[in-house]
Amino acid sequence: MTFEVETGSRKRVVQITGGAGKYQAVVDGSAYVLDVARAGENWSLLMGPVRAGSPASLSVRAGRSYEVTVGVQLGGELSVFVNRRALAVRLDALSTDLDRRRIARRAGGRGDHTADTRSGPLDVTAPMPGRIVRVLVKAGDVVAARQGVVVVEAMKMENELRSPRAGTVKEVRVGQGALVEAKTVLVVIE
Amino acid sequence: MRKILVANRGEIAVRVIRACRDMGLASVAVYSDCDRTARHVRMADQACAIGPNAPAESYLRIDRLIDAALASGADAIHPGYGFLAENDAFAAACRDAGLTFIGPSPESIALMGSKTKARRAALDAGVPVVPGTDEPFAADERESVIASAAERIGYPLLIKAVAGGGGKGMRLVTAPDDLSSAIRAARSEANTAFGDPAIYLERRLVRPRHIEVQLLGDLHGNVLPFVERECSIQRRHQKVIEETPSPVVSPALRAHITSAAAAVARSVGYASAGTIEFLLDEEGRFFFLEMNTRLQVEHPITEMVTGVDLVRAQIRVARGERLDVDPPTALTPIGHAIECRIYAEDPDAGFMPSPGRITGLRVPGGPWIRDDSGAESGAEVPIFYDPLISKLSAWGGDRPQAVARMRRALDEYEVRGIRTTVPFFRWMLQQAAFEAATFHTGYLDELLQQRQGEPFEIPSEDEEQVAAMAAALQAFTALSSTSSVTPNARMETWRDARVQQSNQPAKMGWKRLARLEGLRP
């Protein structure tokens, strides 16, 4: 079975064959043999070269040892820990054209999304989930650039959110004491 | 004293409950709604609900804590640190209710808790203080009055909460234009954190080091200073790494600074565990900064180099016993100890809090490693409280050995489900200035400012390849074992199943957005 796997720096094509803990993995054309044993969520993964003269053998001798945990998938991303270090991994099966199309579509979709969130620079939004301690402005107020407009408390620290530029307060969308999620628009500056 | 109510949560509640166990004392935990299943609750002998999640409605409710103590039959209260630990009204309420407050007297807390009165006490004891305003500015003090005081002291300066601690209610002001909003923020934060909006000003020294002296006092007039701790690695005035002894304090300076600390404590009749903080300038002069009238977060490293159990000692002196530690034991460190404060924060997103459920946790151990934590796998890190989840300490015969052990321990640490500062510490302990101990209190903020947003931990080619193979293997075995007809249908089934396993959809909002915004990798 062949997969396209994206980690931080690039995509790899990974082909897996075998079973019952003994596998061969071909990563971008380089072949390895893998011995995988699971202890609960944690795997012991031993990796070695494919030994010459025994193409059918999937045994690993004195392989490099890795501790691996494959975490839950969140938003199309797997959280994989290799030797206690977290890596974000995107994975798709490359069995059919349908999958290729879906990958292409998803890649396109991500691009659009990024552009979306760049619009509306005059919104003052919550940087993290928190509680509104104080609203320093009201609709119609004239504000200077970097003037404080709202104070948000998260995990006991207060942060004053400032106006991104000089203007007029068009709208105040929250009140004192409100609990807000990250990215909630709090104040709109015109 | 037979039963102690621990008026706190998280790792410090666990620490105090452990001390109770060690001493054969019963313990009572308290909890807010979201802490019902917390580790400290399950560890204690008894537990009492004290209200909703907001600290002001639970862990800061003196009346409910006293009620809980009386209802559970506790005869003493340990406040931990934070919350009400330095609240003289709480200490007085305990006394009035016939309960032993395991800490200093309300009078000591009130005196040293007022940073301006504490500065006066230090001066009276012949100890130099950082130049600043001698009287506090009340909540209604006009800004023009504060501004003219600021002009006299000179910029850059620090606004500090009179009742402050832990960097809360503190703001650095580099130019007069920023004074007004900084005053507002400091007052408000001070009011929220300590219930007192009064502030004062202090000159900001150039590249100082933070050196502090742990003290123990008893009710018989004895005050014992301990070998100094160095806490110069700070991010926005919050200690991040502490070590003891300081790499730059000579035996002569140690004798000088510890006796100065003891003099201040003696002059106010201090009778519990406490810490006096100093700034050490580049010429080797030290200045009294403030006194913390509580057990410090970083007390474990002092325990590691002296062998003294500070919580036990605190409990013993509270019940009237004499200090049983020899002065040379307290002042002569054996080896070196370091502590890293592991926070539920995402270092790659500007240290943004990362609350949520810990889905997997593996804690390092082995030779000379200590982990003080209230967290565990399956536990939720709530947004309502300080995001400290663990204090990782390492001991070595000398500093390089302690550093090597800390690196090893950090390498073993794995937290899944939330982001933590572990990757930051792995990076930090590789910095040349850390190794050479040439830092000062502004060092880390400067270092972080120079970074261009690259992740603290960049996986190696090898690790990336293994991760790719592991993800493919996981999918391969899942797909091989399902009975769906087509590969595509199987893939969908597998993906759906994985997504359903995710138990924190609500937490995804900001993570995903942060990633799209380029705040996260």
Side-chain angles (χ1 to χ4, degrees), chain A residues 1 3 5 7-9 12 14 16 19 23 25 27 32 34 36 41 43 45 47 66 68-75 78-89 91-93 95-96 98-99 113-114 117 127-130 133-134 147-148 151 153-158 160 181-183, chain B residues 55 168 181 184-185 188-189 192-193 352-353 355 359-360 362 383-387 411-414 416-417 423 455 457-459 461 463-477 479-480 486-488 491 495 498-499 501-504 508-514 516-517 521:
Chain A
M1 218 173 284
F3 302 89
V5 191
T7 57
S9 63
R12 292 173 172 80
V14 182
I16 304 281
Y23 306 93
V27 184
Y32 305 89
L34 308 177
V36 179
E41 290 182 298
W43 307 359
L45 186 152
M47 181 175 84
Y66 297 90
V68 176
T69 310
V70 181
V72 292
Q73 178 164 338
L74 297 169
L78 274 169
S79 171
V80 178
F81 284 77
V82 177
N83 292 347
R84 282 89 51 203
R85 280 160 173 75
L87 291 95
V89 179
L91 176 135
D92 269 289
S95 309
T96 66
L98 190 66
D99 281 306
H113 226 104
T114 307
T117 57
M128 63 188 82
V133 180
R134 203 162 36 263
Q147 180 179 335
V151 181
E153 181 198 284
M155 295 181 131
K156 290 170 70 183
M157 291 297 282
E158 288 191 7
E160 190 172 77
E181 287 297 309
K183 283 287 154 187
Chain B
K168 295 190 176 71
S181 83
R184 205 160 52 223
S188 164
E189 206 168 287
T192 311
M352 193 185 280
T359 55
R362 283 195 293 166
I383 67 163
F384 307 100
Y385 314 113
D386 191 85
D411 184 68
E412 289 181 19
Y413 217 123
E414 180 177 311
R416 301 198 300 273
E457 204 155 61
I458 299 167
E461 171 71 20
E463 285 165 346
E464 279 196 19
Q465 177 164 303
V466 171
M469 290 192 295
L473 264 173
Q474 166 92 347
F476 175 78
T477 46
L479 292 172
S480 305
T486 67
N488 270 320
M491 190 68 194
R495 186 178 291 119
R498 298 301 300 181
V499 170
Q501 276 181 26
S502 148
N503 56 2
Q504 45 175 205
M508 275 310 295
W510 75 264
K511 285 190 181 175
R512 191 159 46 234
L513 281 156
L516 290 167
E517 290 282 295

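Lettering of chains follows the sequences in order, A, B, ..., and the numbering in each one begins at 1. Atom set for the values below is all heavy atoms of this structure, side chains included, hydrogens, waters and symmetry mates excluded.
- Shown here are the salt bridge (charged side-chain N to carboxylate O under 4.0 Å, His left out) partners of R416(B), two or more places apart in sequence or in another chain: E41(A), E414(B).
- When V14(A), T69(A), L34(A) are compared by the number of non-hydrogen pairs under 4.5 Å with chain B, T69(A) comes out ahead.
- With a threshold of 4.5 angstrom between heavy atoms, L87(A) approaches chain B through side-chain atoms but not through N, CA, C or O.
- Ion pairing of K168(B) with E153(A) is absent here, as no side-chain N (NZ or NE/NH1/NH2) approaches a carboxylate O to less than 4.0 Å.
- In this structure, T477(B) and Y23(A) have side chains that are in contact, with non-hydrogen atoms separated by less than 4.5 Å.
- Considering CZ of R84(A) and CD of E412(B), their distance stands at 6.5 Å, rounded to 0.5 Å.
- Partners of E463(B) according to the side-chain contact (heavy atoms from CB on, under 4.5 Å) rule, which considers only residues two or more places apart in sequence or in another chain, are V82(A), R85(A), P459(B), S460(B).
- With chain B as the partner, the residue from R134(A), Q147(A), R12(A) showing the most heavy-atom pairs under 4.5 Å is R12(A).
- When each of G360(B), S188(B), S181(B) is checked for heavy-atom pairs under 4.5 Å with chain A, S188(B) comes out on top.
- In this structure, chain A has heavy atoms under 4.5 Å from both the backbone and the side chain of Q465(B).
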